[in-house]
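For reference, the structure is listed below as structure tokens.
Everything numeric here is computed off the predicted structure, so don't read it as measured data.
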Amino acid sequence: MISYFYQEELLSSQEMIRKGESESREFKTSINREVRTPIVRTLCGFMNLHGGTVFVGVTDGGQVAGVDATTKDLDKFERDIRSLIRLRLGTFFNNLVHFELEGIYGKTIVRIDCDAARSPVFFRTYNQQEEQEEFIVRTGNANTHIKKGSEIIKYYQRRYK
């Protein structure tokens, strides 16, 4: 069971979508390339908090639009997300992420659940061949980048005790 459910009852996808975006829920409208890195950033933020769920095929306003894609497209989408997780977060963190296709209102959505990590997760970026790391946490319905080392230490001491 995904650990963030300790805060709320086990809800169906429909009920979770109806409740809107939050510190444990994010909506993306499509499986296009442009959303793949932002999805992995959000998963990083969820892992550093209590876990969470990304619903793909849902608008920011909570409307179920569905994804217009073939099975082949959806398989490639999952492979691409897992590849980005390996590249940006680390191979181990793929074990915390689970994909599921669901039908809601006759439309197909992708549900991506992720569990909380037991240690801090950093998002790697590459700038002119130099690797840098960002620490991302979920705050409300947005991702927050913590840049100061002292703030990361305080968060770590509070979250990972």
Quick one: closest heavy-atom pair of [X] and [Y], and the distance?
X	Y	answer
K107	G66	CB-CA, 3.9 Å
G20	R25	O-NE, 2.7 Å
L49	R138	CD2-O, 3.3 Å

If the condition is side chain to side chain contact (heavy atoms under 4.5 Å, CB included), which residues does [X] pass it with, not counting sequence neighbours?
X	result
I109	I17, F55, V58, V64, E102, I104
K148	S150, E151
T29	T59
D75	T71, R79

Test of understanding: with side chain to side chain donor-acceptor pair (under 3.5 Å), list the residues that count as partners of [X], not counting sequence neighbours.
X	result
N32	S30
Q63	none
N94	R82
D73	T70

Which atom pairs, donor and acceptor, lie under 3.5 Å between side-chain atoms of residues 35-46 and protein residues at least two apart or in another chain?
| from | atom 1 | to | atom 2 | distance (Å) |
| --- | --- | --- | --- | --- |
| R36 | NE | I31 | O | 3.0 |
| R36 | NH1 | D80 | OD2 | 2.2 |
| R36 | NH2 | I31 | O | 2.6 |
| R41 | NH1 | E134 | OE1 | 2.7 |
| T42 | OG1 | P38 | O | 3.1 |
| T42 | OG1 | N143 | ND2 | 3.0 |

Donor-acceptor list for residues 117-127 side chains, cut-off 3.5 Å, not counting sequence neighbours:
| from | atom 1 | to | atom 2 | distance (Å) |
| --- | --- | --- | --- | --- |
| R124 | NH1 | L87 | O | 2.9 |
| Y126 | OH | L87 | O | 3.4 |

To the nearest 0.5 Å, how far apart are [atom1] in [X] and [atom2] in [Y]?
X	Y	atom1	atom2	value
M47	L96	CE	CG	5.0 Å
C114	E26	SG	CD	11.5 Å
D60	K28	CG	NZ	7.0 Å
I136	K147	CD1	NZ	10.0 Å

Give a yes or no on this: more than 12 heavy atoms of other residues, nucleotides or ligands lie within 6.0 Å of atom CD of E130.
no
Pairs where residues 86-101 contributes a residue and the test salt bridge (Lys or Arg N to Asp or Glu O under 4.0 Å) is met, not counting sequence neighbours:
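Residue pairs with at least one partner in residues 86-101: there are none.
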Check whether the ring centres of Y155 and F135 lie less than 6.0 Å apart, and answer yes or no.
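Yes, the ring centres sit under 6.0 Å apart.
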Show every ring-ring contact (aromatic ring centres under 6.0 Å, His included) that has at least one partner inside residues 73-95, sequence neighbours left out.
none
Do the non-hydrogen side-chain atoms of V97 and D113 ever get within less than 4.5 Å of each other?
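No, every pair of side-chain atoms sits at 4.5 Å or beyond.
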Beyond-backbone contact of R159 with V137, side-chain heavy atoms, under 4.5 angstrom:
no
